[in-house]
Amino acid sequence: MLINSTNLNSLFNGFSTAFNEGFKGAKSSYRDVAMVIPSVGSDETYGWLGQLPRFREWIGDRVIHSLAAHTYTIANKKFEQTISVDRDKVEDDKYGLFAPLFTELGRSAASFPDELVFDLLASGFSETCYDGQYFFDTDHPVLDEDGQEFSVANTDGGTGTPWFLLDTSRAIKPLVFQERVRADKLQKLDQDSDENVFMKDEYLYGLRARANAGFGLWQLAWGSKQPLNTANYEKARVALTGLKGDFNARLGIMPDLLVVPPSIEGPARKILKSERLANGETNQWAGTAEVRVTPWLV
């Protein structure tokens, strides 16, 4: 290829097309478990977390529920991906070899939120949420009908492979994906005056993103490292559906998604897809939730 601005623009357009094909064709599931919040600054503060509004009988004056009971701030982080293309390869018409790489770059950009969100979910046993407790903990503070604080659990511990039962049916979800700059615009450095071209004889193509993931409501999630079987699934489901908010308010939680890594996909499908248990009895838990298998959990 003759190196000139017209041909370099055509090359970039070709790489961009491959990138867009990969971006649009990628499958992601972060939106199933996380509410996507557009960000307009370096960070965002979620003062309303901890509130699941419920109706009460109107006796006397209205009861005002504060939306600033908690302070939980998610700071945006900056991310990048960069690909180098040797100028000699372009001159020798070998640039077609790079098209699959740019397609994969598009797939990587589209699945980037999945990596952030599911990495965070897995870290919920050791990272704190809005109430200062680990997201999956046995000591979440809740007020009883008399206004006295007591502890509530959304985990049963364990040391094995983690799995998660979630209620994803609400506008507020268990996790947050906060997006400031989306990684969907390919950038280039391919001019003779660019330092990388002059010094290293290479063209650079890259992406830039600003985003982060954070915890939403712990009340909508159960995390376990116990063996995934019908008994522990039942325990998780009963615990979540029975959760109440401050002052004994019913929350109406109905878990609908079981999130697992590939290593325990089999047990998950047996619990939720099989009509019969191993002993021949009817499986009462079949169809009570969907299975989401994600490679971003280990």
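S111 contributes atom OG, which lies 4.5 Å from atom CH2 of W296 (distance to the nearest 0.5 angstrom). In this structure, D192 CG and N4 CG are separated by 10.5 Å, a value rounded to the nearest 0.5 Å. With rounding to the nearest 0.5 angstrom, the CD atom of E265 is 11.0 Å from the OG1 atom of T294. Between the CG atom of N212 and the CD atom of Q178 there is a distance of 7.0 Å, given to the nearest 0.5 Å.
For the 3.5 Å distance criterion, the side chains of T45 and T73 qualify, holding a donor opposite an acceptor. Q219 and N154 form no side-chain donor-acceptor contact under 3.5 Å, judged by distance and modelled atom types alone. Donor-acceptor pairing under 3.5 Å is recorded for the side chains of K188 and N9.
Separation of the F164 and F136 ring centroids falls under the 6.0 Å cut-off. Here Y130 and Y46 keep their ring centres 6.0 angstrom or further from each other.
Using bins of under 30°, 30° to 60° and over 60° for the plane-to-plane angle, the ring pair F98/F15 lands in the perpendicular bin. Ring planes of F19 and F23: tilted class, angle from 30 to 60°. Using the six-membered ring where Trp is involved, F112 and F177 have ring planes that are perpendicular, over 60° apart on the 30 and 60° scheme. The aromatic rings of W285 and Y233 stand perpendicular to each other, their planes meeting at an angle above 60°, with 30° marking the opposite boundary.
The shortest non-hydrogen separation linking L272 to T288 is CD2-OG1, 3.4 Å.
Considering only heavy atoms from C-beta on, M254 stays 4.5 Å or farther from S169 through its side chain.
Electrostatic pairing of R237 and E234 does not count as a salt bridge here, judged by no charged N lying under 4.0 Å from a carboxylate O.
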_Using side chain to side chain contact (heavy atoms under 4.5 Å, CB included), reason through E202 and D86 one step at a time and then give a plain yes or no._
CA-CA 5 Å; E202 65 182 10; D86 192 292; 5.6 Å; no

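Under a 4.5 Å side-chain heavy-atom cut-off, the cluster of Ile, Leu, Val, Met, Phe, Trp and Tyr residues that includes L2 has no other member.
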